[in-house]
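First the structure, in the form of structure tokens, and then the observations on it.
In what follows, every chain begins at residue 1, and chains take the letters A, B, ... in the order their sequences are listed.
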Amino acid sequence: MKNYLSITDIESLPKWVKEARSLKKNPITNKDLGANKTIGLLFFNNSLRTRLSTQKAAMNLGMEVIVMNFGNEGWALEYGDGTIMDQGTSEHIKEAAQVISQYCDIIAIRAFASLTDKAKDESEEVLNGFKKYATVPIVNMESSTGHPLQALADAITLAEHNTKDRPKVVLSWAPHPKALPHAVANSFVQMMQLQDAEFVITHPEGYELDPNITKDATIEHDQKKAFENADFVYAKNWSNYSNYGMVLNQDPDWMITKDKLGDAKFMHCLPVRRNVIVEDSVLDSQQSLVIEEANNRTYAAQLVLKKILEDLE
Amino acid sequence: MKNYLSITDIESLPKWVKEARSLKKNPITNKDLGANKTIGLLFFNNSLRTRLSTQKAAMNLGMEVIVMNFGNEGWALEYGDGTIMDQGTSEHIKEAAQVISQYCDIIAIRAFASLTDKAKDESEEVLNGFKKYATVPIVNMESSTGHPLQALADAITLAEHNTKDRPKVVLSWAPHPKALPHAVANSFVQMMQLQDAEFVITHPEGYELDPNITKDATIEHDQKKAFENADFVYAKNWSNYSNYGMVLNQDPDWMITKDKLGDAKFMHCLPVRRNVIVEDSVLDSQQSLVIEEANNRTYAAQLVLKKILEDLE
Amino acid sequence: MKNYLSITDIESLPKWVKEARSLKKNPITNKDLGANKTIGLLFFNNSLRTRLSTQKAAMNLGMEVIVMNFGNEGWALEYGDGTIMDQGTSEHIKEAAQVISQYCDIIAIRAFASLTDKAKDESEEVLNGFKKYATVPIVNMESSTGHPLQALADAITLAEHNTKDRPKVVLSWAPHPKALPHAVANSFVQMMQLQDAEFVITHPEGYELDPNITKDATIEHDQKKAFENADFVYAKNWSNYSNYGMVLNQDPDWMITKDKLGDAKFMHCLPVRRNVIVEDSVLDSQQSLVIEEANNRTYAAQLVLKKILEDLE
């Protein structure tokens with residue numbers, strides 16, 4: 001594999017999930033694979049799980065890891081073509097990406113959506129800038145529009161806990177005081193489209209995700225109805241997509257409660273705001289899979305890095 | 001050993017000091033012990049010695065090290081039970097501690113006192129939060145009320161330089177322009193209570209430390225008298241404890257001078273403000289042990305990590 | 001070798017360049033040399049190339065690497081002798097340098113010029129403070145007045161691309177909106193003084209570099225004339241030296257263009273502001289060597305670290 005930029009880079013989800021679960025059982029069996037290989041983890045935004053799990057995954061593969069908080073340790077990057085760079089940006093992505101490619105065998109990047117400029121966010125200028133100019137593989141550690149390492153970890157978690165041929169999986173919007181990106185929801189939707197499941201998205205009217213992502217997914221505005229007979233409920237807030245980046249709804253009735261959940265398993269990418277997104281009683285119950293999802297981040301990352309390392313010339 | 005949270009976790013100070021001094025002679029003899037084990041160093045506050053010496057100690061044991069400045073690289077943590085998290089905190093300690101435990105075999109934490117809320121500081125919400133919810137051992141890299149790695153390094157340093165059966169050791173308050181925590185003084189006092197020594201604490205009236213820490217320790221408000229026949233003088237500023245976190249005294253007469261010191265050895269945890277806490281002539285003399293104390297931080301940490309690694313299942 | 005503080009620490013530039021080019025062919029042949037040795041990279045300023053290439057170099061030599069952003073992770077350092085430290089600084093360089101020397105076998109430091117106090121900048125208080133008090137070798141990762149790792153990488157790049165016995169190399173000032181240090185230009189000039197080349201410096205009148213650095217170097221204020229028959233043009237902005245740190249000229253006519261460049265190769269240390277320092281068409285052409293210069297930073301650093309490691313007792 002060359003890059004892992006989005007869910008569409010997964011060649012076969014069932015095979016990947018199987019392989020990741022196998023890695024999880026023996027995480028250091030490939031410790032020689034990454035010898036004398038370096039991964040650069042470039043953070044343009046905060047991170048806990050991604051930062052630690054990706055390091056852990058790389059170390060499990062024997063790689064050397066360089067972590068850089070690009071935003072405050074490096075130089076402000078320019079992405080425009082032909083720009084006269086006499087303002088705030090000091091270095092062009094053309095140089096940065098080529099240069100870092102000489103020090104790192106793989107570059108992993110976290111660069112969140114601005115939520116102020118839809119066109120810019122959808123152009124994925126940071127991720128695509130690196131993809132365009134780097135000469136080594138690129139891994140998406142959450143970009144403006146996708147978080148495919150999270151969704152792969154979610155797929156592993158679903159597989160571990162699913163007991164049915166065709167489970168019902170519901171992605172539910174939940175309230176949040178701040179404007180959040182669509183990346184996690186987008187990648188979860190795309191991942192579910194590769195699964196044999198009854199998949200339903202529920203959110204308040206007007207909170208539709210990008211229709212190019214959801215395609216013909218079932219959308220149900222009645223959360224209660226959506227949750228009927230659900231096996232898994234995946235909660236996530238996102239800001240409004242049409243009125244891009246706006247917080248138009250904080251209705252607490254959309255919070256996930258134990259009562260609403262029934263027997264379904266609860267999933268969330270974390271960090272999660274307790275008693276805003278979901279009740280304590282859900283998170284503190286056996287129905288919650290959120291800790292295992294975070295654990296599976298390591299094996300999702302390790303699988304992706306393993307596949308990339310195997311294909312390095 | 002499970003956790004190293006305070007001096008009370010030391011099962012036998014003389015044995016530990018002996019073992020640490022032995023490690024110091026051969027620091028890399030246990031390089032295999034930490035193979036494929038990861039330590040996460042989580043900093044909620046600045047650090048020089050702790051940051052570097054703990055990394056060094058872990059590397060001497062062959063561990064993989066992940067360093068994270070939690071305050072500005074991660075998410076603001078919530079500690080309260082049942083909180084409706086619709087304000088500034090994004091992630092609950094319950095999730096954070098459980099999640100990090102999946103990536104790290106040991107978690108080390110630095111989280112200073114606020115000095116504004118005594119009850120909160122004494123509850124050690126960060127350290128105890130991790131202790132409560134993490135599923136791996138926790139090491140205290142300085143918390144609100146204790147700095148047991150420093151005190152262990154001090155014990156090693158005392159042992160290296162002591163020539164008497166029962167030395168006289170004086171802990172002296174010294175002036176400082178800013179409000180400082182009580183952690184270093186507390187752990188030094190507790191460590192001295194495990195030593196056979198004549199131990200005296202001297203400070204201006206009203207600058208008593210927590211009586212639950214000092215217990216029946218000798219307190220002498222006349223610094224000159226306290227220093228008579230001292231073998232070791234350990235200087236440290238702390239802010240007022242009764243009027244919690246206040247700077248009520250900056251009397252330069254409490255500064256440690258060469259003249260006052262006599263033949264005693266001088267100790268301080270560093271960083272030290274020259275000519276405020278102590279005169280240049282003391283620090284620049286052979287009587288100063290401050291550099292060796294810092295050196296011993298490596299072996300204090302290494303001993304603690306070694307004991308924890310040996311007890312990991 | 002003990003320290004690498006400036007170009008004057010290079011014993012023989014031709015030998016070093018030859019050895020670095022050999023390392024570049026087999027970068028991991030000395031992977032045992034740095035076993036159980038630790039390098040501390042202390043950053044007082046931002047960095048991309050230096051941060052990553054020096055880590056990479058150290059890892060190629062099998063060293064353990066500790067990276068610290070001293071400015072915001074440690075304590076504000078005091079450099080003055082005899083200071084009563086009751087103001088903003090918390091720790092004296094005397095203690096900091098001695099302490100870090102106990103955790104690290106080599107200390108590398110980046111500390112830029114203030115550009116507000118020429119005497120202070122030229123005293124190199126940070127670099128020289130570490131040199132004075134540390135007990136281990138010191139490496140300059142760009143100080144107030146020099147960037148000798150960059151100039152060594154430039155020498156490697158020149159050697160790789162030079163086809164003549166005595167090439168013509170031009171250092172050209174170029175415009176920039178912000179006040180920049182003289183370090184890169186200084187070290188490049190000093191490095192060129194160790195080369196057999198026709199070396200010309202061109203800049204607007206009044207933009208003379210420190211005459212103690214340039215000595216009898218040819219200075220030509222007519223950029224066009226300077227560029228005649230040039231084999232290599234090295235562009236760099238620096239702020240005014242006489243009117244220390246002022247930006248007195250932003251004349252776009254000094255920008256390097258394809259037209260001006262003729263057949264010369266283009267060099268720059270990066271980061272570079274496109275269409276301010278140099279036209280896109282230059283950077284995007286085969287004449288640009290900037291990416292290779294950055295690549296050679298790894299081998300410049302690796303050579304320096306190798307020489308230091310070989311001479312550690």
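Note that CZ of A:Arg273 is 10.5 Å distant from CH2 of B:Trp75, once rounded to the nearest 0.5 Å. Atom CG of residue A:Leu283 and atom CD of residue B:Gln98 lie 9.5 Å apart, to the nearest 0.5 angstrom. We find the CD1-CZ distance between B:Ile100 and A:Arg49 to be 8.0 Å, quoted to the nearest 0.5 Å. Here the straight-line distance linking atom CG of B:Asp86 with atom CZ of A:Arg274 works out to 15.0 Å at 0.5 Å rounding.
Of the two parts of B:Glu78, neither the backbone nor the side chain holds a non-hydrogen atom closer than 4.5 Å to a non-hydrogen atom of chain A. Contacts of A:Leu270 with chain B are made by side-chain atoms alone, with heavy-atom separations under 4.5 Å and no backbone atom involved. For chain A, the nearby parts of B:Ser90 are the backbone and the side chain; heavy atoms of each come within less than 4.5 Å. Contact annotation for B:Thr89: only backbone heavy atoms (N, CA, C, O) come within less than 4.5 Å of a heavy atom of chain A. Contacts of A:Ile291 with chain B are made by both backbone and side-chain atoms, with heavy-atom separations under 4.5 Å. Heavy atoms closer than 4.5 Å to chain B are found in the side chain of A:Pro177, but not in its backbone.
If you tally non-hydrogen atom pairs under 4.5 Å between each of B:Glu73, B:Lys94, B:Glu91 and chain A, the highest count goes to B:Glu73. Per-residue heavy-atom pair counts under 4.5 Å with chain B were compared for A:Asp284, A:Asn60, A:Asn72, and the maximum is reached by A:Asp284. In terms of heavy-atom pairs under 4.5 Å with chain B, the best-connected choice from A:Val276, A:Ile277, A:Val290 is A:Val276. Between chain B and the options A:Asp280, A:Thr298, A:Leu52, heavy-atom pairs under 4.5 Å are most frequent for A:Leu52. Counting heavy-atom pairs closer than 4.5 Å to chain B, the top residue among A:Met255, A:His176, A:Arg297, A:Lys31 is A:Lys31.
Each of B:Ile66, B:Val67, B:Val65 was compared with A:Gln55 under the side chain to side chain contact (heavy atoms under 4.5 Å, CB included) criterion, and only B:Ile66 meets it.
In terms of heavy-atom proximity, B:Val99 sits nearest to A:Ala294 at CG2-CB, 3.6 Å.
More than 12 heavy atoms of other residues, nucleotides or ligands shown are found within 6.0 angstrom of NZ on B:Lys2. Shown here is B:Lys131, whose NZ atom has no more than 12 heavy atoms of other residues, nucleotides or ligands within 6.0 Å. For B:Ile84, the CD1 atom counts as loosely surrounded, since its 6.0 Å shell holds 12 or fewer non-hydrogen atoms of other residues, nucleotides or ligands. In the displayed structure, A:Gln286 atom CD is contacted under 6.0 Å by at most 12 heavy atoms of other residues, nucleotides or ligands.
In this structure, the side chains of B:Glu64 and A:Lys56 stay at 4.5 Å or more apart for every pair of heavy atoms.
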